[in-house]
Number of protein chains: 2
Amino acid sequence: MNYELLLREHSLKATPQRVGILSLMQTSGHLDVEELFTEIKKQFSTISLATLYKNINAMMEKGLLTEIKIPNQKSKYEIAKAPHIHLLCQECNEFIDLKLDIGCLVDEAAKESHYRLKESSIVLSGVCEKCQAK
Amino acid sequence: MNYELLLREHSLKATPQRVGILSLMQTSGHLDVEELFTEIKKQFSTISLATLYKNINAMMEKGLLTEIKIPNQKSKYEIAKAPHIHLLCQECNEFIDLKLDIGCLVDEAAKESHYRLKESSIVLSGVCEKCQAK
DNA sequence: TTACTAGAAGATAATTATTATCCTTTAAAC
DNA sequence: GTTTAAAGGATAATAATTATCTTCTAGTAA
């Protein structure tokens with residue numbers, strides 16, 4: 001993935017810090033601010049927390065990153081992608097994406113409410129397979 | 001609704017402040033901390049913000065209140081009730097409950113992931129009927 | 001390539017949100 | 001009524017986020 005290009009396409013300067021943040025998000029999937037700061041400091045030891053916040057916000061405004069708000073957890077961030085849902089294991093805190101067609105749910109909700117629906121934020125919580133085995 | 005009884009049943013002392021918070025939540029539906037503080041001060045002019053926070057947390061621990069985390073908004077609270085989904089109008093900020101059977105979504109997710117699912121947090125955002133008409 | 005400029009980085013202060021502490025008061029049980 | 005654990009209120013402390021300001025650099029165009 002060419003993050004320099006991606007950033008420029010979204011009218012953001014392609015700084016090394018931003019590229020680092022994006023590639024971290026790509027490999028790690030879901031990180032909160034603190035985790036992201038810990039990781040990014042390994043590449044840019046002098047990076048400021050303010051820079052991290054500013055970049056997260058800038059990239060969210062441009063639609064490159066998405067914030068995921070999770071019950072009883074800190075917000076996590078992910079690279080924006082096609083709509084999907086999230087699963088959280090309440091025991092080991094595993095947090096995964098699940099591609100699932102939510103069209104029927106959204107249609108039903110739109111029909112009942114007469115809302116024109118555009119975005120969805122779905123987090124289901126429970127116990128993952130491994131933790132069930134314990 | 002007898003909030004004194006409800007509180008005692010959940011091993012919480014039935015203080016006037018708590019009863020006030022619950023009845024406010026009942027009438028208003030969804031409030032954030034700031035809104036709740038503004039409202040509750042009309043009944044208890046000297047109530048401390050710390051008291052409000054402590055009570056919200058105590059009532060959440062006992063399962064009387066639920067926190068709803070919403071993209072791009074402050075968390076709101078509601079009286080705990082049967083699972084349902086939330087709709088947010090991105091224009092007028094209307095925020096409503098919708099009773100909708102999500103069993104099939106949850107079943108599907110459980111089947112795909114092998115999670116044993118227990119909780120759901122679903123917020124759909126878009127434009128309400130009134131704002132569409134504008 | 002060099003020079004220019006808007007925007008970004010980094011350091012830090014300021015603000016906001018939330019929690020902890022401590023002392024006083026009160027709900028609930030006897 | 002008395003007793004006591006728990007709650008209220010005031011405030012301090014902490015955590016999370018944003019604002020400010022100066023220096024630096026990516027991107028642009030001569």
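Letters go in sequence order (proteins before strands), and every chain restarts at 1.
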Measure the distance from [atom1] on [X] to [atom2] on [N] and round it to the nearest whole Å.
X	N	atom1	atom2	result
H10(A)	dG27(D)	NE2	P	15 Å
N55(B)	dA27(C)	CG	C1'	13 Å
F37(A)	dA16(D)	CZ	C1'	13 Å

Verify the neighbour count for atom [atom1] of [X]: are there more than 12 heavy atoms of other residues, nucleotides or ligands below 6.0 Å?
X	atom1	answer
K111(B)	NZ	no
D107(B)	CG	yes
E34(A)	CD	no

Given that E4(A) and I47(B) both sit by DNA chain D, which one's nearest nucleotide is further toward the 5' end? I47(B)
Counting just side-chain N and O atoms, does [X] come under 4.0 Å of either OP1 or OP2 of [N]?
X	N	answer
N57(B)	dT18(C)	no
T46(B)	dG8(D)	no
T15(A)	dA9(C)	yes
Y53(A)	dT17(D)	yes
Q17(A)	dT25(D)	no
T51(B)	dG9(D)	yes

In terms of relative ring orientation, are H86(B) and H30(B) parallel, tilted or perpendicular, with 30° and 60° separating the classes? perpendicular
Nearest-nucleotide comparison on DNA chain C, the residue closer to the 5′ end among A58(A) and L49(A): A58(A)
5' precedence on DNA chain C between A50(B) and P16(B) (nearest-nucleotide basis): A50(B)
Counting side-chain heavy atoms from CB outward, which of dG10(C), dT18(C), dG27(D) is closest to V33(B)? dT18(C)
Quick check: any donor-acceptor pair below 3.5 Å linking the side-chain of K54(A) to the base of dG10(C)?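 Indeed there is one.
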